[in-house]
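One structure below.
Both backbone and side-chain heavy atoms feed into the values below; hydrogens, waters and symmetry mates do not. Here is how names work: the chains are called A, B, and so on, in the same order as the sequence lines, proteins then strands, and each is numbered from 1. Keep in mind it's a predicted model, so treat the numbers as computed, not measured.
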Amino acid sequence: MSLLEVRNLRVTFATETGEVQAVRGVSFTLGHERLGIVGESGSGKTMTGRSVLRLVRPPGRIEADAMTFDGRDLLHASEREMRALRGKRIGMVMQDPKYSLNPVMTIGRQLTEGLRLRDGLGRSDATAKAIAALEAVQIRDAARVMEAYPHELSGGMGQRVMIAMMLIPEPDLLIADEPTSALDVTVQAEVLSILDGLVRDRGMGLIFISHDLRLVARFCDRVLVMHKGLVVEEIEAAHLMEAQHPYTKGLLNCLPRIGGSRAPLPVLDRAGF
Amino acid sequence: MTGLPAPSPQRRLLPVLGQIALGLGTLAITLLGLLLITFVIARIVPTDPVLSIVGERATPAQIAAIREKLGLDLPLWQQFLIYVRDAVQGDLGRSIRTGQSVTAEIARYFPATLELATLGTIFGTLVGVPAGVLAATRPGSIADQIVRVVGLMGYSMPVFWLGLIGLLVFYGQLDWVAGPGRLDPVYDMMMQFTLTSYTGMILVDAALNGAWDVFANAVSHIVLPAGLLGYVSMAYISRMTRSFMMNELGQEYITTARVKGMPEWRVIWVHAMKNVAVPLITVIALSYAYLLEGSVLTETIFAWPGLGSYITDALFAADMPAVLGGTVVVGVAFVTLNMASDILYRLVDPRARA
Amino acid sequence: MTTLRAWLSDPNPASRRQARLGQAWLAWQRIRRNRLAMAGLVIVGLLLLVAAFAPLIAPHDPLTQDLSRRLLPPGTPGNLLGTDDFGRDILSRIIFGARITLYIIALVAVTAPVLGLLIGTVAGYFGGWVDATLMRLTDLFLAFPRLILALALVAVLGPGIENAVLAIALTAWPPYARVARAETLTVRSSDYIAAIRLQGASSPRIIAGHVVPMCLPSVIIRVTLDMAGVILIAAGLGFLGLGVLPPTPEWGLMISSGRKFLFEQWWVATMPGLAIFIVSLGFNLLGDGLRDVLDPRSASR
């Protein structure tokens, strides 16, 4: 049975000038595999990810024909049931640790909070587990990082903390929303390989949201290409370069190639879609 | 591990001490400016301070003698320096009405104002913060509208008028509270002759003396004016809390907390509130300072023997040293509160400590 | 009508004028949907009408005394809101009082923001020591308690409406200076200012012609929000006997004269207070709505 099934998902925002549909009918299924969602900014990929956790803020509205996680109906689950799923079984890593970590709480408190509140662990047990989690994301000086505030950490370090925080409860599904876009290129690879290793070892499902086609192709098993709130193409990552849809092809053509022609890169021609 | 500062206690405290030093420097400059303004105001008074002392029929020689005694024959800048020197030593001159030291008189009146404004701020914070949070978590709801309108009404109400209406309804009609003044005359005598005064604040002194009947009477006197000031401060605090809270609830770390499965109360009252608290401290301090000042009109209505009454009474007696002395004291309280909130801000916000 | 609306809400305006009018129309649509702001607009409009047509609306002369009709309660035929201790009609006095209030507001509104704009733009534009000095001065005035400073000033200058206005204006300018400076700082380094400078425009010309207009929207919002505070301070000064002199029908003064018989003839003090409250609430509602509409940074989500 599949881990996650989404059928005809729509996310609508009521604005002053009328309704805006950010997601206009997205369907996909996910097993214990790594699914990439690619698209430009505004294509609805982030909203798709957040809808799974039902964390779209009002005035946003989530509708779907069906949305089930491990056999459970996400659309009609109570807020209480959703809370039990969040954190424990579904985690999410967001783009920029500068904003996604609470600036006035120490890393330690943010890491142990879930363990203590949800799992009822004592202070020392929770701390030990948190330090182990930090070491799992290759932070060497874990005890000291526990005492630090987010602004005292570098971006790569912050994102590793974020990954550790989400992986502590060993979820079945992790949504990574542009987890490396805010990081330096050199740090990106490091963070990605940590994420990759952990997901592989623990056999969890992964939704990897990115605007970077090549990264997704290397990192995922399957890719959804989104454009204007719709899935325009679903393709095995290995065959991405043979994509059929003109939009995907357009995106691919905009990438530079080593040894390719030196002419200016083509600009995506939007007239066709 | 490189680039990570050792978070030892000393590291966290030392920059704060530096900030305090810097704050004291700013405080000194601001106070100097404050004195300059009152000095300028005092010098443009059309009434001659000498004439008001010696009377209309003094001889030129007498006038000259007084002028010299008051230092009025010196150049202006020297007069200013003397004024500053005296003020720093706590000498704000002598009241024309009573001939007593203005500093000593203010020391007698100030505790009453402090008591009133403190209680008002406590009321305002206890009601205003939850109201603002409630409004921020349900934007556009009925609760939000009510908080907004009640707040705007507080902004729009003339305090002295609201005080009169309060007296009319709760004292005149319903007789729920005591009337103007800090105590009934009987208890006032008791306070003056049988009890020890520690702070000048009746609630505190009565409690320290264990005189609970005096305490109860003082409560029934203070509850209306303090509630009134509390309402004004609540209007401001709830509004600011709402806007800060709305801002924080839109932040990404709130989503993180929700992803972690944290219950809503914890998301709001721990994760968001810890961030809201940082700017809120400044707001509460500002509102406290505003109440110290706003008590001028309230005290007039409630015959409250505080700084506000002192200043207005002096105003009508054309007692400029007393008026300006009172103005300086309120200004000092204002500036000190601002600085205190600044320091507190740095203690609460880890980003500001660096 | 429909074509005009379509023209105004066209997402691809063809001319600058169309874009500008379209923006204004959108803002108006937004403010019209804000019921509280509309209520504020109605109140402020009523204040203007009442002040303009006071002699036509008022049933009695505000100054004529009639000691045989002293302290009549509200609802008395001919005296809808009752009479005061000199037998003057309270309603008529409130109606004429609107003129005084409006006069004070107008005077403050044309002095304090202008002073603030001048200081703020000059400080922001020139920067350096000019900025440091002017902003220190601004902070100093901001640090000063406003009402007390106004009190001390009036005490020195003597009571009277012009002195009250002067005292209020002298305490009201610092926030405008701050707002104007902040706006100036964002504009100063922009390319179009550099372009004008390269054309040889003088500093006063750049400030007056290109910096000040950019600051105006935020200053206007502040003025509206500030007016309520000005009304309250003016009323407070009047109440203490430091504003307008009797027998002028100023609202604060009227409250103070009704204070003596608060418990017996409550209406004498209550009615003018209601007038102050309603007008100041009107300005607050309007200013609040304007800020939501015109200042996207503080708009509620």
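- For Leu164(B), the parts sitting under 4.5 Å from any heavy atom of chain C are the backbone and the side chain alike.
- The number of heavy atoms from other shown groups lying within 6.0 Å of OH (Tyr290(B)) does not exceed 12.
- Within 6.0 Å of CG on Leu174(B) lie more than 12 heavy atoms contributed by other residues, nucleotides or ligands.
- If you measure heavy-atom distances from Leu315(B) to chain C, the contacts under 4.5 Å come from the side chain alone.
- Scanning residues 229-241 of chain C against chain B with a 4.5 Å heavy-atom cutoff picks out Leu232(C), Ala235(C), Gly236(C), Phe239(C), Leu240(C), ordered by number.
- Within the 4.5 angstrom heavy-atom criterion, only side-chain atoms of Phe141(C), from C-beta onward, approach chain B.
- In this structure the side chain of Met157(B) never reaches within 4.5 angstrom of the side chain of Ser280(C), judged on heavy atoms.
- Asp288(C) has a carboxylate O that lies under 4.0 Å from a charged side-chain N of Arg239(B), or vice versa, which qualifies the two as a salt bridge.
- Considering only heavy atoms from C-beta on, Pro279(B) stays 4.5 Å or farther from Met240(B) through its side chain.
- Considering only heavy-atom pairs separated by less than 4.5 Å from chain C, the leading option among Leu167(B), Leu162(B), Thr38(B) is Leu167(B).
- Phe110(B) and Tyr310(B) have their aromatic ring centers separated by at least 6.0 angstrom.
- Across Ile276(C), Ile255(C), Leu151(C), Leu242(C), the residue that shares the most heavy-atom pairs under 4.5 angstrom with chain B is Ile255(C).
- Only the side chain of Phe160(B) comes within less than 4.5 Å of a heavy atom of chain C; its backbone N, CA, C and O stay farther away.
- For residues 156-170 of chain B, the pairs satisfying side chain to side chain donor-acceptor pair (under 3.5 Å) are Ser156(B)-Asn284(C), with sequence neighbours left out.
- Per-residue heavy-atom pair counts under 4.5 Å with chain C were compared for Thr300(B), Val149(B), Ile311(B), Val323(B), and the maximum is reached by Thr300(B).
- The residue among Gly331(B), Gly308(B), Pro158(B), Gly140(B) with the most heavy atom pairs within less than 4.5 Å of chain C is Pro158(B).
- Using a 4.5 Å heavy-atom threshold, the side chains of Gln145(B) and Leu36(C) count as touching.
- The side-chain heavy atoms of Leu292(B) and Leu337(B), taken from C-beta on, include a pair separated by under 4.5 Å.
- At most 12 heavy atoms of other shown residues, nucleotides or ligands fall within 6.0 angstrom of atom OH in Tyr171(B).
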